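A short worksheet on the structure shown next.
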Amino acid sequence: MRINWYGILLLTGIASGFVSATLLGASCKIKRQTLAYTAFLNLLCVLVFSFMEVFYLSAGKLYGMSGLGGALGLMIGTIASVYIHNDHHKELFSSWVVSAPLMYAVAKTACLYAGCCSGSFFGLPIQPVVSLAFLLIYIISLIVFIRSQEKSKAAYMAMLLAFVMRIVLDFFHDSHHGHLVSREQIMVLVAGGIAFILFLLRKKLPKPR
């Protein structure tokens with residue numbers, strides 16, 4: 001019986017982020033019911049959007065899971081849960097955003113095993129470099145989350161560092177060769193632009209009741 005390490009590493013990445021977000025949320029006194037429903041909703045959104053991005057961009061020719069699609073699903077699920085539950089909404093949102101880099105860092109190790117998303121970072125395989133970079137983002141954001149009374153600061157830092165790191169490291173992927181700007185970089189820029197606009201308009205957005 002052959003062990004599917006690629007699938008195991010992907011699921012381990014998702015599980016690690018979910019455990020982190022749940023523990024951080026619990027430390028902020030978020031109700032267990034809220035944590036459970038949010039985890040279920042986010043799992044559904046991550047899997048659906050991750051799969052749909054690969055399916056859509058390949059015109060239905062490929063099947064798989066995409067990190068960018070998963071990140072979009074995570075954001076949609078978390079924001080929806082914030083408005084549904086209104087239970088320490090800033091802490092709930094921040095706990096999941098801070099945990100997202102950990103999820104990506106662990107899941108990215110599956111690419112090294114499968115040989116996909118290849119590239120070279122000054123002689124080193126790009127996949128473990130990406131994993132280490134996002135693990136560092138997680139650690140930095142986690143420290144801010146624990147030490148700061150305003151948990152949103154950790155979320156903003158995690159998003160900013162993740163957007164910048166994702167764009168910069170994409171230059172070292174083999175898929176970027178021959179392109180001034182890759183499709184993935186454009187997608188990250190669009191997502192970052194939307195996040196920045198929402199940040200500027202945050203005081204005008206509808207508040208959870």
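Only a predicted model underlies this, so the values are computations on that prediction, with no experimental measurement involved. What you see below is based on every heavy atom in this structure, not just the backbone, and it leaves out hydrogens, waters and symmetry mates.
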* Same apolar cluster (I L V M F W Y, side chains within < 4.5 Å links), Met159/Val98 -> no
* Structure fact -> When rounded to the nearest 0.5 Å, the distance separating CG of Leu47 from CG of Leu11 is 8.0 Å
Please set out all donor-acceptor pairs under 3.5 angstrom arising from side-chain atoms of residues 144-151, sequence neighbours excluded.
from, atom 1, to, atom 2, distance (Å)
Ser148, OG, Glu150, N, 3.1
Ser148, OG, Glu150, O, 3.1
Glu150, OE2, Ser152, OG, 3.2
Lys151, NZ, Phe145, O, 2.5
Lys151, NZ, Ser148, O, 3.0

* Asked: Can you name the side-chain contact (heavy atoms from CB on, under 4.5 Å) partners of Thr12, sequence neighbours left out?
  -> Ile8, Val106
* To do: Keeping to residues at least two apart or across chains, list the salt bridge (charged side-chain N to carboxylate O under 4.0 Å, His left out) pairs with something in residues 12-40.
  => none
* Say whether Tyr37 and Val82 are linked into one hydrophobic cluster, either directly or through other cluster members, by side-chain heavy-atom distances under 4.5 angstrom. => no
* Do Asn42 and Ser81 have side-chain atoms, one donor and one acceptor, less than 3.5 Å apart? -> no
* For the residue pair Ile14 and Leu43, what are the closest heavy atoms and their distance? -> CG2-CD1, 4.1 Å
* At what distance, to the nearest 0.5 angstrom, does OG of Ser20 lie from CE of Met103? -> 8.0 Å
* **Listed once per pair and sorted, the salt bridge (charged side-chain N to carboxylate O under 4.0 Å, His left out) pairs that draw on residues 169-190, sequence neighbours left out** => Arg166-Asp170
* **pair Cys45-Leu74: side-chain heavy atoms closer than 4.5 Å** => no
* Co-members of the apolar cluster containing Leu23 [side chain, <4.5 Å] -> Val19
* Any link between Ile194 and Leu160 through a network of hydrophobic side chains (Ile, Leu, Val, Met, Phe, Trp, Tyr) touching at under 4.5 Å? -> no
* Give the minimum heavy-atom separation between Ile137 and Ala158, together with the two atoms involved. => CG2-O, 4.0 Å
* ring pair (Phe, Tyr, Trp, His ring centres under 6.0 Å) partners for Phe40, two or more places apart -> none
* With His176 via ring pair (Phe, Tyr, Trp, His ring centres under 6.0 Å) - residues at least two apart -> Phe171
* Minimum heavy-atom distance Gly13-Ser16, with the two atoms named -> O-OG, 2.7 Å
* Determine, using the 4.5 Å side-chain heavy-atom cutoff (strictly less than), whether Leu24 and Phe93 are members of one ILVMFWY cluster. => no
* **Separation between CD1 of Ile140 and CG of Leu161, rounded to the nearest 0.5 Å** => 6.0 Å
* Structure fact -> Looking only at heavy atoms, the pair that brings Leu180 and Gln185 closest together is O-OE1, 4.3 Å
* Kindly indicate whether the side chain of Met75, heavy atoms from C-beta on, has any atom under 4.5 Å from the side chain of Val97. => yes
* To do: Check side-chain contact (heavy atoms from CB on, under 4.5 Å) between Leu72 and all other residues, then give those that pass, not counting sequence neighbours.
  => Phe49, Ile76
* Structure fact -> In short, Gly77 meets Leu41 closest at the heavy-atom pair O-CD2, 3.4 Å
* Asked: Rounded to the nearest 0.5 Å, what separation is found between the CG atom of Leu142 and the CE atom of Met157?
  -> 12.0 Å
With a cut-off of 3.5 Å and sequence neighbours excluded, list every side-chain donor-acceptor pair involving residues 126-135.
from, atom 1, to, atom 2, distance (Å)
Gln127, NE2, Cys116, O, 3.0
Ser131, OG, Ala105, O, 2.9
Ser131, OG, Gln127, O, 3.3

* To do: Could you tell me if the ring centre of Phe122 sits under 6.0 Å from that of Phe172?
  => yes
* **Ser141: partners by side chain to side chain donor-acceptor pair (under 3.5 Å), with sequence neighbours left out** => none
* Structure fact -> Heavy-atom nearest pair, Ala21 first then Ser99, reads N-OG, 3.1 Å
* Hey, what do you get for CG (Leu35) to CG (Leu92), rounding to the nearest 0.5 Å? -> 7.5 Å
* Mind checking side chain to side chain donor-acceptor pair (under 3.5 Å) for Asp87 and listing every partner two or more places apart, or none if nothing turns up? => Thr34
* Asked: Can you tell me how far CG of Leu9 sits from OG1 of Thr109, rounded to the nearest 0.5 angstrom?
  -> 4.0 Å
* Asked: Would Val168 and Ile186 show up in the same hydrophobic cluster when neighbours are defined by side-chain heavy atoms closer than 4.5 Å?
  -> no
* To do: With sequence neighbours left out, write down each residue that passes ring pair (Phe, Tyr, Trp, His ring centres under 6.0 Å) with Phe18, or none if nothing qualifies.
  => Trp96
